[in-house]
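Step one of this worksheet: look at the structure below.
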Amino acid sequence: MFMSWDFIVPVCSDDLVKSGAVNQYVVQEVLSIKQLNSHINSFKAALRSQGPLCILEHFDTAYSVLHYISHNVSQCSLFSVVRGLSVSLPTLLLSGSLSAMDREQQLNAVKMSVFLLCKLTETLESDSYRETIYIKLSVCLSQGRKKDKVAGKGLLQWDSERETVLQCLTQLLQLDIRTLWSLSLVEEEFVSCVTCCCYKLLENPTINHMKSKSTRDAIIHVLGIMVKKYNHMLGACVKVIQLLQHFEQLASVCAQAVASWSSEYGVKVIVREIMREIGQKSSEELAREGSGVKAFSSFLSELGTLVPETMIPNISVLLTHLEGEVQSHVLYRIASVLVRVLSGDKLDDSARASRDRFLDTLQEHIHDAHSHVRARVLQVYARVVNSKALPLCRYTEVMELTVGRLGDKSVHVCKSAIQLLAAFIAHNPYSCKLSSVDLTNPLEKEMAKLKEMRDSQKEHVPAADLWDAMKPELEMTVKAQLEPGSEEEENEEEEETGGEEERSDRDTALQIAQLLRENMQCLCLCISLLSGPEQETPEAVSSDALPTPQKEGGGNEGRETELKKQEMLVQYLKDTESFALQVERAIAVINNMLYWKTTTVVQEAVQFCVTAFEFSVADSVCGVRKMLPLVWSTDVTIKDAVIQAYRRLYLNPHGDNTRGKAQTLVDNLSDLTIDASLGTVQCLEEIEFFSSESALQTSVVQVLWERFSGKRETKALHRRAAVLLLGMAARAEREVVLSNLDTLCSVALGEKVAEDYLLARDTLITIANITDHVRQSKGVPFRLPMDHHLFSCLSQAIADGVVQSDPHWQTFMEQAVRLIYFLAESPDQLCSRLLQRSAHLLLEQITEGGEPKQSQLLAQVLSLCGAVAFWQVSHLERSVSAELRRRRGEKEEEEEKEKAPEANDSCVEGELGLVGASAEDTEAEIIRKICETELLSGNMLSAFLPLLVKVCSSPGKYSHPQLTTAACLALSQYMMISPAVCKDNIRLLFTVLEKSPLLVVRANTIVALGDLTVRFPNILEPWTPNLYARLSDESASVRLTAITVLTQLVLKDVMKVKGQVSEVAVLLLDPEPHIASLALNFFNELSAKDNAIYNLLPDIISRLSDPERGMKEEDFNTIMKQLFSYITKERQTESLVEKLCQRFRTAKTERQWADLAISLSLLSLCERGFKKLQECWDCYSDKLAEPGVYQPLLSIAAKLRRRAKPQFKAQVEDYEKRLTAVHTKGLENVESEEREQQIGDTQSQNLKTPQKSVRKTTRGRSKPKLDDSDLVTPRKSRSRPKPTITFTSDEEEEEDAVMAESERPKVTTPIARTRRTRLRH
């Protein structure tokens, strides 16, 4: 059958029913739905009989089915027909030579079948997507189940057939069907038909899912064939860009496709073309595209991971976007290239140049203007360093830049910098121990050795150098001597061949030796050059065989090799030392980051400290110890990070067996507790090193007991560390210590207790861990009988120490008294006997010793009295009160069981909480009465009170420092007993605070007054200014104690915040950095309270600008700048403008005016605040002649003008002009000019405007409404005097500390806290 037409693949399916060009196939008739079934059956029969070519005759039938596919008519039958056609076509194309008619038939059949298959696929894909949406809507709207099942069935059927369609296309396109076209040029419409079908499938939202992986791979395979064989590369580039712009979820799929086309199909050019397309997009385009930018970024990142080597020559086109939206992902691609391709030592020159260029690009952007770019660069460097792809020569430079980024304003950048520094340490190529101190000696030693080698090298000059120096003169001499026979030699040279050169060297040497024989020195040197170092005499020249200089050359080469090795070693040590110094510099900065408010930065800082400690970096232990108090952090993540860090550092011992691991673990923990303060020990207890039960823990406890008891030779510090660690173990298991009390008493508290009071003190701290106060038990209190061996040892040790002069006895005594009250059955009786016994020993010693010794012994007895008084009160209000509550609770439970069905009234009272409240009040009243009436009446404590008062009130008579310190501290402890004692002695205590020359006395008194303020706030409230006065004490230690105590009192709302807080503000400029940081922390915490700083600012300004204080202007500006940084609310700013402007009227000096103006300039004014400033013009306008007032107000206008809108900007400019006019001309002149101008304007308006209309305009309101631009200053009324404005906060109260009877507290505040550590000698 001869064909007289060609099938042209249409752009649109409807084009086939329209009349086309000559010999172009056109669909003759679109069958109706009723006719389709019969024609489809005929099509199937023809397919079975004729094969795939039947499509040429039955194309209209297939097209009709495709046309009505939306009506669900026989679509499954059509699909099976087309699938069979696509499978049978390859066999048809395998024939060898084809005639023109056969080729045309087969080409038309291929194009028809591919067209039908692709259009059918696109239609079914669209219907499938609509069905998916319909199913989701049906589920949401709870529609009928039948429709859901039908829709779902069709969807599943197409999902199973989709991959089969792609396989059919793959089988067909893999054949060399290009030969069917003339000159093998495949028409663009055919390629577009196939590729559009594939891209349509890629737009499916589920194509990213794991279940669609086979379909996704098949689509990429088909497109890869089209790119490679059918010239679809440029079209694929454009389509990939379009898909990324419109479908963000396809970034990963497109990256996989491009990587596959580049690697598997060898079309590497496509990577360059796509990257060029992205690189040519401007930043404005990318900014408009929105989600497309994210898709481009993800695509580049994924592609860089898959084919980094292909990107090396093409990445330069993307560098322009390092300032745009995709910059971070461009950097990520650079990292991929560096890590996977341009790493290692075997790079050629071109690859090394590319690597250096990429590293230079990264290094340039480490100071980028955008913080997220800086952070991304640091992250890229961290990836490069972790992969060991950073060249050694760049370590120092990158490390220095990274340390500089620790001070970045962006928290994210700081976090990334810490991560990079940790990576540098963990993957450093230098050493496993990075201590600059340990490297100093080896470096000096090797440098000295290198210097010696260089000196010896200079002494032994190489023969070649000597010969070069001698050669010119020798050539001249030889030429002069041999010149007459030169012609003969030339003839001989023409005749001789072959071995002439070998003989000429020897002859020349012999001739030179003969010529230089007269000069012996030159002769010897020449011989040594030619024959080596062994022949040093002229006679050696006469030998027949001239030695070769191999031995000399070998020696020179060996020395040069050794010298190079030594130089490399010295350079390595220098680089290691430089790296270690940079790490130590970073540690100093990162240690301060441990207390930042950003949780993630703190976590990274903790991890860095751990890494630095593991590599033995100098000063790394400072960071490890500095982060220890973070175990009390309220942020759980920070607390857990610190706990895990300490367990990682100290609970991972190395050893061959359990015993060896236990020894290592004990050594690690001992390093922590040696010379540790009580606060450090409490922090370590919170980590719970002994929380788990294991064989290792048992071995650890055994090793600790061996060290403590002295079975192994151990230093005193390690014994103390061992007993503290046993105390930590006792917190987890009481029996660890309770079963070994006799051992503790015999070793540390026995006869040798006076030899080491510190060991005895730590032992008492360990024993205290078994008490209920530490373990917080709610059952029957655990106490030991009075006759227990422990208490007899303690009484004996305390009494014996009273008459001794050991400086550590007092700390031991305090812990002993504390333990007695925690653990003994009747501690008051034990302590009463102890006081009596100590008093008798004191009296015996007084008769024997001199004045200094008597004062020292008396000081120790008074310290004992104070400790007993304090712990007696604590025992009553904690232990006794808790026991009363426990017994009351048990009694109430028994009564409830007996009288359960009775007493409805009592049930109502119980529900209201009246029974428990009244009972607690009764118990508190009992404790208060005991403290006021019984503790200081007729007992040993009361006997010492007059003595304490006498010693404190007579500093001239009792001038011994230790006695004064002990007496003042003991008196403050006595004052804790009752309000009466406190009120009687409060004036004396404040007198001591102000007049005592001893720093330790003043510091201890401040701490004691803080405790008294908590216990008796009403009594201490009138004395608040005296406490604040200590903030200006001449001693730094006293100021430090004062700021610490006041911070606690104010932030815990024990003390009201008043204007005296200005004294704390002065400490912001304290020369001691620690005090300044505490003052800054005070205001940081105070700013968290609502409006606290806002309410205080006017008073602080007034007090600091007081002429009597004499504060420098620069200091005032610095303090105000910090305080005004806490004012962030617009209403607060507006109100402060008014308050500060009003204070201009009460200010008397030019300096006060200037301070107020500066304070106004520090506010972040907005439009409302500026209007308030204009409204208060009268307050400060008469002070504008002063430069100190004019310049700050002018700066306010300048700042507002820069960011103001046009209308508001005009108002600011008018205000600025008015400021300048008043400053230059004076207020009176400006006001007179304004009045004259106003009068002139009024007269001209009256002349122009009829009188009648004027009366009409003035009937409404009595005053005309002025525009905002009419800044007319109202005339001052001189007849009325200005009211005097006073501020109550500026007045100081001078009344005596006497409170009204109604203001006195009826119930004392119980002591429910740990004692503050007081300063001592």
Side-chain angles (χ1 to χ4, degrees), residues 366-367 374-375 378 381-382 385 395-428 430-440 443 574-630 633 638 641-642 645-646 649 671-672 675-677 680 683 1036 1040 1070-1081 1084:
I366 207 168
H367 291 107
R374 298 195 299 273
L378 294 172
Y381 266 120
V385 172
Y395 261 70
T396 302
E397 189 174 3
V398 177
M399 186 79 172
E400 184 176 358
L401 292 173
T402 307
V403 174
R405 287 300 90 206
L406 291 175
D408 199 285
K409 293 181 179 180
S410 172
V411 173
H412 193 41
V413 176
C414 294
K415 175 185 172 183
S416 301
I418 296 174
Q419 291 173 342
L420 177 55
L421 290 172
F424 268 121
I425 296 175
H427 300 281
N428 80 88
Y430 299 110
S431 173
C432 61
K433 291 187 176 182
L434 297 171
S435 176
S436 60
V437 178
D438 297 338
L439 289 170
T440 302
L443 178 59
K574 286 183 177 179
D575 293 342
T576 306
E577 184 186 36
S578 176
F579 183 82
L581 289 173
Q582 287 179 338
V583 173
E584 293 170 11
R585 176 187 163 201
I587 287 177
V589 180
I590 294 176
N591 286 348
N592 295 328
M593 296 182 177
L594 288 168
Y595 290 89
W596 278 21
K597 293 184 178 180
T598 308
T599 302
T600 54
V601 174
V602 175
Q603 287 178 296
E604 293 299 333
V606 169
Q607 293 302 319
F608 176 84
C609 291
V610 172
T611 304
F613 185 81
E614 289 176 339
F615 280 83
S616 303
V617 179
D619 298 332
S620 59
V621 68
C622 297
V624 173
R625 292 189 175 182
K626 190 172 183 177
M627 70 183 180
L628 182 57
L630 290 174
S633 175
I638 295 177
V642 174
Y646 267 85
L649 292 176
D671 292 339
L672 280 177
D675 283 340
S677 63
T680 302
C683 294
L1040 177 63
D1070 196 274
E1072 292 292 330
H1074 186 42
I1075 297 177
S1077 65
L1078 286 177
L1080 180 61
N1081 179 68
N1084 288 338

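Using a distance-only test at 3.5 Å, with no hydrogens or angles considered, no donor-acceptor pair links the side chain of Y595 to the main chain of V602. The main-chain N or O of L443 is never found under 3.5 Å from a side-chain atom of E577 such that the two would form a donor-acceptor pair.
L628 contributes atom CG, which lies 7.5 Å from atom CG of L672 (distance to the nearest 0.5 angstrom). Going from atom OG1 of T598 over to atom NE2 of H412 covers 12.5 Å, rounded to the nearest 0.5 Å. Distance CG/L378 to CD1/I366: 5.0 Å, rounded to 0.5 Å. Of the inter-residue distances, the one linking E400 atom CD with S578 atom OG reads 8.0 Å to the nearest 0.5 angstrom. Considering CG of L1080 and CD1 of I1075, their distance stands at 14.0 Å, rounded to 0.5 Å.
Within the 4.5 Å cutoff, the side chain of M627 has no heavy atoms near those of the N591 side chain. Contact annotation: the side chain of V583 never approaches that of F615 to less than 4.5 Å [non-hydrogen atoms, C-beta and beyond]. Contact of the R405 side chain with the H367 side chain is registered, since non-hydrogen atoms from C-beta on lie closer than 4.5 Å.
Ring pair F424/Y395 is perpendicular by interplanar angle, where above 60° counts as perpendicular and below 30° as parallel.
Between the side chains of N1084 and K597, not a single donor N or O lies within less than 3.5 Å of an accepting N or O.
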